[in-house]
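Below, chain A is the first sequence line, B the second, and so on; all start at residue 1.
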Protein chains: 2
Amino acid sequence: METLRERKKQRTREALLRVAVELFTTRGYEGTTVDDIADAVGVSQRTFFRYFAGKEDAALALDEMTVAHFVEAVRARPAHEPPLQALRQAVLEGWDTLHEVVDSVVPVERFLALYRVIESTPVLLAAHLRRSVEAEEVLAQVLAEREGLDPETDPRPRLTVAAFGGVMRMTERRWMTDGDFSLEAMRELTVSHLELLGPALAGKWLPYTKT
Amino acid sequence: METLRERKKQRTREALLRVAVELFTTRGYEGTTVDDIADAVGVSQRTFFRYFAGKEDAALALDEMTVAHFVEAVRARPAHEPPLQALRQAVLEGWDTLHEVVDSVVPVERFLALYRVIESTPVLLAAHLRRSVEAEEVLAQVLAEREGLDPETDPRPRLTVAAFGGVMRMTERRWMTDGDFSLEAMRELTVSHLELLGPALAGKWLPYTKT
DNA sequence: TTGTCAATTGTCAGTGGCTGTCACTAGCCT
DNA sequence: AGGCTAGTGACAGCCACTGACAATTGACAA
C-alpha cells in the first residue's frame with residue numbers, strides 16, 4: 001500500500017480532474033476559469049497548476065488515457081495480423097472497453113459529453129489533434145517492431161498510421177455531427193470507413209451504394 | 001485604385017506581418033511578445049489585435065495563404081483526373097509556385113524558416129493542425145463537386161481527403177527532421193509517399209526496397 | 001475650403017492563464 | 001520528540017487578449 005501523502009495527492013488530483021470535467025461539460029471550457037475549479041475543490045489556483053500543466057491539460061487528461069489504452073491494444077494484437085488489420089481491431093476494442101479506462105474518474109457518458117466539448121472548442125480541438133499526431137509516432141514505432149522494420153528507413157509504418165489516423169479523426173468528427181451519439185454508431189462508422197478506404201483511394205470512383 | 005485609408009491599412013498589416021515573421025524566426029515564437037511586434041512597427045498593442053485575431057494568427061497567416069492557394073490548385077485540375085491524382089498534382093504545383101504566394105510578404109526562404117518554427121512550437125503546431133483539418137472539409141466539398149456527389153451521403157470525398165491529409169502532414173514532419181530542407185526534397189518525399197500509400201495499406205507488407 | 005461624418009488609432013483598465021518565490025504546514029523517518 | 005522534506009497557500013508579476021472611450025485623421029458633400 002502507499003503512504004498517506006501519496007493517497008492525499010491522488011485524491012486531490014482526482015478531485016480536480018473530476019470537477020474540471022464537470023464544469024467544462026456544464027459551463028463550457030471558456031466559461032470555466034481555473035479559479036472556479038480550484039475553488040470548487042478547495043485548493044489554491046497554484047495547486048491546480050502543480051497537478052496539471054494547464055487548463056488544457058485537465059481537459060485532455062481523460063482523452064490521453066484512452067489514447068494510451070488504444071496503443072496498448074495495438075501492442076497486444078497477434079503478430080500475424082497485417083498492420084492495418086491490427087489497428088482496426090485495436091480501435092474497435094478500445095471503444096468497447098472505454099469504460100474500463102474512464103469509469104474510475106467519471107461515467108462514460110460524461111466522457112462522451114466532454115468529447116463534444118473538445119471537438120467544438122477550437123483551442124481544445126487543436127491540442128487534441130497535436131496529441132493525436134504525437135501518438136501516431138508511437139504507433140508507427142509499434143507497427144515497425146511488429147514487422148521487424150526500422151521506421152527511419154521504411155516509411156510504410158508512419159504512412160499507414162498517418163492515413164489511418166486521418167480516417168479516424170474524420171470518423172470522430174462525423175460521429176459528433178451525425179445525430180447518433182452512441183458507441184455502437186461509432187463502431188459502425190469506423191468499420192464502414194475503413195472498408196471504404198481502399199476503394200476510395202484507388203483511381204476512379206464507382207457509383208456509391210450504401211450498405 | 002484604392003483610397004488612401006485602405007492603402008495605409010494594407011501597409012500597416014503588411015508591416016506587422018513582416019515584422020512578426022522576422023521576430024518569430026529569429027527570437028522564436030515564445031520569445032517574442034506582441035508588444036515587441038507592435039513597438040517595432042510603431043503602433044500600439046491594441047492595433048496589432050485589430051489586424052490579427054491573436055499572436056497565433058500572425059504566425060499562421062502565411063501558412064493560411066498557401067493552403068488557400070493549394071485549394072485553388074485542386075479546383076483548377078482537369079475534371080477527368082481521379083480524385084487522388086488531382087490532389088497529388090495540386091500539391092506538387094503548390095510547392096512549385098510557393099513563391100508566387102509568399103514573396104509579396106517575405107522571401108520563400110524566410111517562410112520555410114517560419115515553417116520550422118511552426119513545426120517545433122507545440123501551440124503553433126496544434127493550431128496548424130486544426131487549420132489543416134478545417135481545410136480538409138473544404139477540399140472534400142471540392143472533390144465531391146468534381147465527381148457530382150454529396151459529401152453528406154457519400155463518405156468517399158472526406159475519406160480520401162483525410163487519408164491524403166494525414167500523409168501530407170506526415171510528409172511535412174519528415175521533411176523537417178530529415179536533413180534536406182529544400183523544396184526539391186519535399187517534392188520527392190511527397191511523390192514517394194503517395195506512391196507507397198496503396199501498397200502500405202494493402203494487407204501484408206512485402207520487403208521494402210528503396211527506389 | 002470647410003465642416004460633418006465615419007473609420008482608425010491610442011490609452012487605460014481589467015480579466016484570465018501561468019510562473020517564480022518564499023514562508024508555512026503536515027506527513028515521514030530515525 | 002525532532003529534524004527533514006514534500007506539498008501548499010499567499011503574493012507579485014508577465015503576457016495574451018478585450019471592452020470602452022476619447023482623440024485623430026481621411027472621406028465626402030455643401
Side-chain angles (χ1 to χ4, degrees), chain A residues 1-17 19-21 23-24 26-61 117-118 121-128 130-131, chain B residues 1-17 19-21 23-24 26-61 117-118 121-128 130-131:
Chain A
M1 165 52 67
E2 308 123 338
T3 161
L4 169 66
R5 265 229 267 261
E6 276 165 345
R7 257 177 293 140
K8 262 186 143 175
K9 260 175 66 175
Q10 191 113 359
R11 255 190 291 127
T12 315
R13 191 194 143 87
E14 211 181 276
L16 282 168
L17 185 50
V19 167
V21 171
L23 292 180
F24 290 157
T26 52
R27 301 187 202 169
Y29 181 71
E30 323 260 62
T32 308
T33 71
V34 173
D35 282 322
D36 289 340
I37 301 168
D39 289 350
V41 174
V43 298
S44 70
Q45 193 213 49
R46 196 67 184 82
T47 293
F48 173 92
F49 284 110
R50 288 196 177 100
Y51 283 92
F52 297 96
K55 196 177 153 184
E56 216 180 80
D57 194 41
L60 295 176
V117 174
I118 293 172
T121 306
V123 46
L124 283 185
L125 177 56
H128 168 68
R130 183 172 55 78
R131 287 166 185 237
Chain B
M1 151 72 56
E2 309 123 336
T3 161
L4 169 64
R5 234 182 217 166
E6 278 165 343
R7 255 175 295 140
K8 261 186 140 173
K9 260 175 66 175
Q10 192 116 355
R11 254 188 294 127
T12 312
R13 190 193 144 87
E14 211 182 277
L16 281 168
L17 185 50
V19 168
V21 171
L23 292 180
F24 290 157
T26 51
R27 301 186 203 170
Y29 181 72
E30 323 259 69
T32 308
T33 71
V34 173
D35 281 321
D36 289 340
I37 302 168
D39 289 350
V41 174
V43 297
S44 70
Q45 193 213 49
R46 197 66 184 83
T47 294
F48 173 91
F49 284 111
R50 289 198 175 98
Y51 283 93
F52 297 96
K55 198 177 152 183
E56 215 180 80
D57 194 43
L60 296 176
V117 174
I118 293 172
T121 307
V123 46
L124 284 186
L125 177 56
H128 168 68
R130 183 171 56 78
R131 286 164 185 238

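- In this structure, A:D36 places its CG atom 14 Å from P of C:dT15, rounding to the nearest Å.
- When atom types are taken as modelled, the side chain of B:Y29 and the backbone of B:E56 share a donor-acceptor pair closer than 3.5 angstrom.
- The number of heavy-atom neighbours closer than 6.0 Å to CD of A:Q10, taken from other residues, nucleotides and ligands shown, is 12 or below.
- Regarding B:Q10, its CD atom lies at a distance of 18 Å from the P atom of C:dA7, rounded to whole Å.
- The distance between atom CD of B:E6 and atom C1' of D:dG26, rounded to the nearest whole Å, is 11 Å.
- At least one side-chain heavy atom of A:E30 sits less than 4.5 Å from a side-chain heavy atom of A:V123.
- Note on B:S44: every side-chain N or O is 4.0 Å or more away from OP1 and OP2 of C:dT11.
- Within the 4.0 Å cut-off from OP1 or OP2 of C:dT8, not a single side-chain nitrogen or oxygen of B:Y51 is found.
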Distances under 3.5 Å between protein N/O atoms and the N/O atoms of nucleotides 16-20 of chain D, please, pair by pair.
from: D:dA16; atom 1: OP1; to: B:K55; atom 2: NZ; distance (Å): 3.0
from: D:dA16; atom 1: OP2; to: B:V34; atom 2: N; distance (Å): 3.2
from: D:dC17; atom 1: OP2; to: B:K55; atom 2: N; distance (Å): 2.6
from: D:dG19; atom 1: N7; to: B:R46; atom 2: NE; distance (Å): 3.4
from: D:dG19; atom 1: N7; to: B:R46; atom 2: NH2; distance (Å): 2.9
from: D:dG19; atom 1: O6; to: B:R46; atom 2: NE; distance (Å): 2.9

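- The nearest pair of heavy atoms linking A:F24 to A:A59 is CE1-CB, 3.6 Å.
- A straight line from NZ of B:K9 to P of C:dA6 spans 16 Å, rounded to a whole angstrom.
- Rounded to whole angstrom, the span from the CZ atom of A:R7 across to the C1' atom of C:dG27 amounts to 11 Å.
- If you take NZ of A:K8 and P of D:dT5, they are 20 Å apart, rounded to a whole angstrom.
- If you measure from atom CD1 of A:I37 to atom P of C:dG16, you get 13 Å, rounded to the nearest angstrom.
- One N or O on the side chain of B:T26 and one on the backbone of B:L23 form a donor-acceptor pair closer than 3.5 Å.
- Rounded to whole angstrom, the span from the CZ atom of B:R5 across to the C1' atom of D:dT24 amounts to 10 Å.
- You'll find the side chain of A:V34 reaches within 4.5 Å of the side chain of A:F49, heavy atoms only.
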